[in-house]
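Comments concern the structure below.
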Amino acid sequence: MADEAVAEHPAEPAAPKAKDARSPEAPRGGARGDDNAKDAPDAPGSSDASDAADAEAAEREKERERAADRFKDRTRDPLAEEQGEEEPTDAAAATRARRSGQKLLASGRDLIGFDRSDVGRLHIGDINIGLDARRSGLSMRDGPVPEEELLRIRRTHIEPEGYVRLRRALEARRLLVLGGAPGTGRASTALALLEEVTRGGEGGQNSERVRRADPEKGVRGLATQVMEREGGHPRGTGYLLEPALDRPGTLPPDGMDLDQLASALAQQGSYAVVVVSVGSAANPLLAGRYGAICPPAPTRELVAVRLRQRLEEEHGDPVRVGGGDGDGGSGLGGHADRGRDTDRDRHSDRREGRTRDTARDTDRYGAGSLSRLLERAAELREDPEVTEAVGLDDLRPAEAELFASLLAGHLLGSVSREELLSGCRGLAAVQAYEWFAGVDRALAAPPPGDGRAPVRSGTAALFHPVAFRIALAVLGGASHSAVSAAAHLLTWELSVQSDPDSTPARPLFCDDPESDLALSRARPDNGPVDVAGAEVTGRLIFYRGTALPAAVLAELWDRHFPVRAPVVRWLRLLADDPRPQVSMRAAVAAGELSVRDFEHGYAELVRPLADAPTPRRRVFAATALDQAAGHASHRRAVRKVVEDWSRHGTPALRWTAAMALGYGRSADSMDDTLDALARIGVRDDGEQLAVASLNLVRLLTLPECATVLRRLADWTGHHGEEYQDLALVSIVRLALTDVDEVLDDEPGTPLGDRGDWPLLLALAATRPELTGKLADLFWTALNTARSRDVAFDALETLLRSASRKDGSEWTREGLAALLPALTAEEHDRRRLDWLLRRMMRDQDRPLTEERARALWRLAVPARQRRSEEEESHG
């Protein structure tokens, strides 16, 4: 195609009838340069060898057409068998979902054993600290809060944001319903509020002016107690009540109950704070006139104050640390400045305390000694290895207590580096333990009142928070709606497992997204969601910490064996979900669970789904196997399974083995992987050739892609036609597959930045040393009769990808690398010229003359164009 005479070029020649370029006279392995290759009659520009077709020639032509049809069938997407040949399979979305799931579960903490004889107490080095923040309010009885604890609360409590607003609301209404997630310090804040308002009230001189109320009596019982002054409680008393609203059969108090209690408190000059967990049962209370949300204490300040106290304690300073409360927020704190308050006594106490602190620092350590320790502690806190080991975005009071103790112990030499990191990893493990320990014990307990039989109709409401945490561990990073829907499926499975004789209720309007976030330490975020091959912005949800997903799965699988059956049924349901963001994340989680007990995971999840009739379930099993192969402890077992399936398995098992091999970790070496894929692809007349070729293409994204290309070249010269077909189909698929359909790398890598490029062009642009091999292989597909048609269609697709619809550059760099190597001979340039003109005459998508000329210039260097023009003009 000369630049000056594109329009005058001869019309497109008729499609040739030619022999197979893989016949003995064709160049071996795609090599070019001899006369046979140059004059191959397959080329579009060659003339028909004969006008008369006898019966034998016609039969040969029909066989060629049948072979071409069979070849085209094998280039179709093997994952679309159940969806119809034209239905897209969202391979790119599946790859992104798998990558996202691996990122959340690849922190390495899933197999870390945290040594603990009692999860409620941790012993690390010489540190022994109570951590159980899940002590039920039912274990607390009516009684006064000791004066020593009130004094510690007064001096050390760290105020959350909005504390002054909460105090003023309590002073004005006498009653406050304080909502928060367990472990966030809500009870500690409630005690601080009651200590402050009662100190200046009628009972200010009473040593028992703050009391804990019996949770079994509830709001009505407390109102009666206050009105009748049961127990001789003086006026001005402050009451802390933590009712157990999550027990089946327990009804929350209504507005009239709260009004009655507030009236009784006003008559006696007293105050009360009712602490509740956010959730559907408590939401009406929190939405009323007495309700308020308790924000968590600030993490950084919390740790800093705890750390200072620990360092002082280790040097023998008087202890200013308080005991625990029923919420894990012990009231342990420091000297946080309550800047917006106007209480003169409190400010005086704090100024005096800071003065005494400074004097003690100077006397005991010498000037600046404590400051140097604190500076070192601040550096240690920001250590990337320590931050990764903690794996929590924010710490709750009990967690801050342990973290500060670990840091102080390491600075002072009593805790080694290994013990420090192990203790930090244990924070997420303890949280997971608290979330699941004894959740269903409430089902066996009778409701409060007259000793009636246990009420089990509340199983769905009881299990939903637990199910949501499990769903979030499995599907973290997916849309909030997908996680919530999966949580409801799991709630049903858990309820049926717990009470198989009853049909559990399925509440329809009980969801509270804000409560789900608070109770599961989760956070929302806006991000891309794959829908029908396109990305749209959706509301995603994540745990507030990278350590929590693995910790939840480990706790679930290692300590709660009865829950495995419903979770396995649930994961099988997720395997059938048509959304890749659900099924692929679930597959990654299934692989992690299998690592923790490979016998159970293989028997219940991997093996049944690997032999399933649908491709979606088999992909799930292959992904789970690969996830297990990512652990060195299980790699050998996975490789043995995959090898056995590839040799002796049913067709479905061989299909699954091919998908597992495509990840590159299910065989001992790349050569072993290629041998296994070839064994699967050529067996039974190429029944599994499509899936084998797909996974050969996936291997080309790995660093060993040169080995794959070498083997493909060997197969093109193999004496067996089935090996030739495997190579040819793989070559064509390489040109038709986009990078983001098969690449596991994040954007930022050479291939990752070209996610929407055809993989063939992306490799040519990023791996110039492979360009010659890629061009030779693609040339072979173009010059082989049975693969010619689909190869030409693929070449047209590559050419059209040079620029986008708006004219901006797209894959031009890759074409500039590939086309000159692909059109080294005159025969190849005539073929390209013919194809460009055909594209220009396309009625649906005509290629402009300007773009055709640009593509011709990419393929034929300027020097070569001038030489050919000079030769043609004499």
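Just so you know, residue 1 is the first one in the sequence shown, and it goes up from there. Values below: all heavy atoms of this structure, side chains included; hydrogens, waters and symmetry mates excluded.
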Of all residues at least two apart in sequence or in a different chain, which pass the salt bridge (Lys or Arg N to Asp or Glu O under 4.0 Å) check with [X]?
X: Glu375; result: none
X: Glu195; result: Arg199, Arg209
X: Arg96; result: Asp530, Glu535, Asp740
X: Asp394; result: Arg521, Arg544

Set of residues satisfying side-chain contact (heavy atoms from CB on, under 4.5 Å) with respect to [X], sequence neighbours excluded:
X: Pro298; value: Ile158, Glu301
X: Ala97; value: Met584, Arg585
X: Leu151; value: Arg155
X: Ala377; value: Leu307, Leu411

In sequence, state the C-alpha distance, the side-chain angles, and the governing distance for Glu388 and Glu385, and then conclude on side chain to side chain contact (heavy atoms under 4.5 Å, CB included).
CA-CA 5 Å; Glu388 191 276 338; Glu385 194 173 13; 5.7 Å; no
Which atom pair, heavy atoms only, marks the closest approach of [X] to [Y]?
X: Val386; Y: Cys424; result: CG1-SG, 4.2 Å
X: Leu406; Y: Gly423; result: CD1-C, 3.6 Å
X: Phe598; Y: Ala628; result: CE1-CB, 4.3 Å
X: Ala428; Y: Ala551; result: O-CB, 3.7 Å
X: Pro295; Y: Pro160; result: O-CB, 3.2 Å
X: Val177; Y: Leu286; result: O-CD2, 3.7 Å

Is it true that a side-chain atom of [X] and a backbone atom of [Y] form a donor plus acceptor pair closer than 3.5 Å?
X: Ser520; Y: Leu517; result: no
X: Ser479; Y: Leu540; result: no
X: Glu419; Y: Ser416; result: yes
X: Thr184; Y: Gly180; result: no
X: Trp570; Y: Ala486; result: yes
X: Thr491; Y: Ala487; result: yes
X: His410; Y: Val415; result: yes
X: Arg469; Y: Leu519; result: yes
X: Arg186; Y: Val276; result: yes

Just by distance, no angles: are the side chains of Glu196 and Tyr163 close enough, under 3.5 Å, to form a donor-acceptor pair?
yes
Residues in side chain to side chain donor-acceptor pair (under 3.5 Å) with [X], at least two apart?
X: Thr749; value: none
X: Thr95; value: none
X: Glu382; value: Arg300

Non-hydrogen side-chain atoms of Leu553 and Leu593 separated by less than 4.5 Å:
yes
For His600, ring-ring contact (aromatic ring centres under 6.0 Å, His included) partners two or more places apart:
Trp557
Stepwise, does the salt bridge (charged side-chain N to carboxylate O under 4.0 Å, His left out) test hold for Arg635 with Asp626?
CA-CA 9 Å; Arg635 196 167 297 147; Asp626 173 73; over 6 Å; no
Test: Arg212 and Glu242 ion pair at under 4.0 Å:
no
Taking it one step at a time, do Trp435 and Val466 satisfy side chain to side chain contact (heavy atoms under 4.5 Å, CB included)?
CA-CA 7 Å; Trp435 275 341; Val466 175; over 6 Å; no
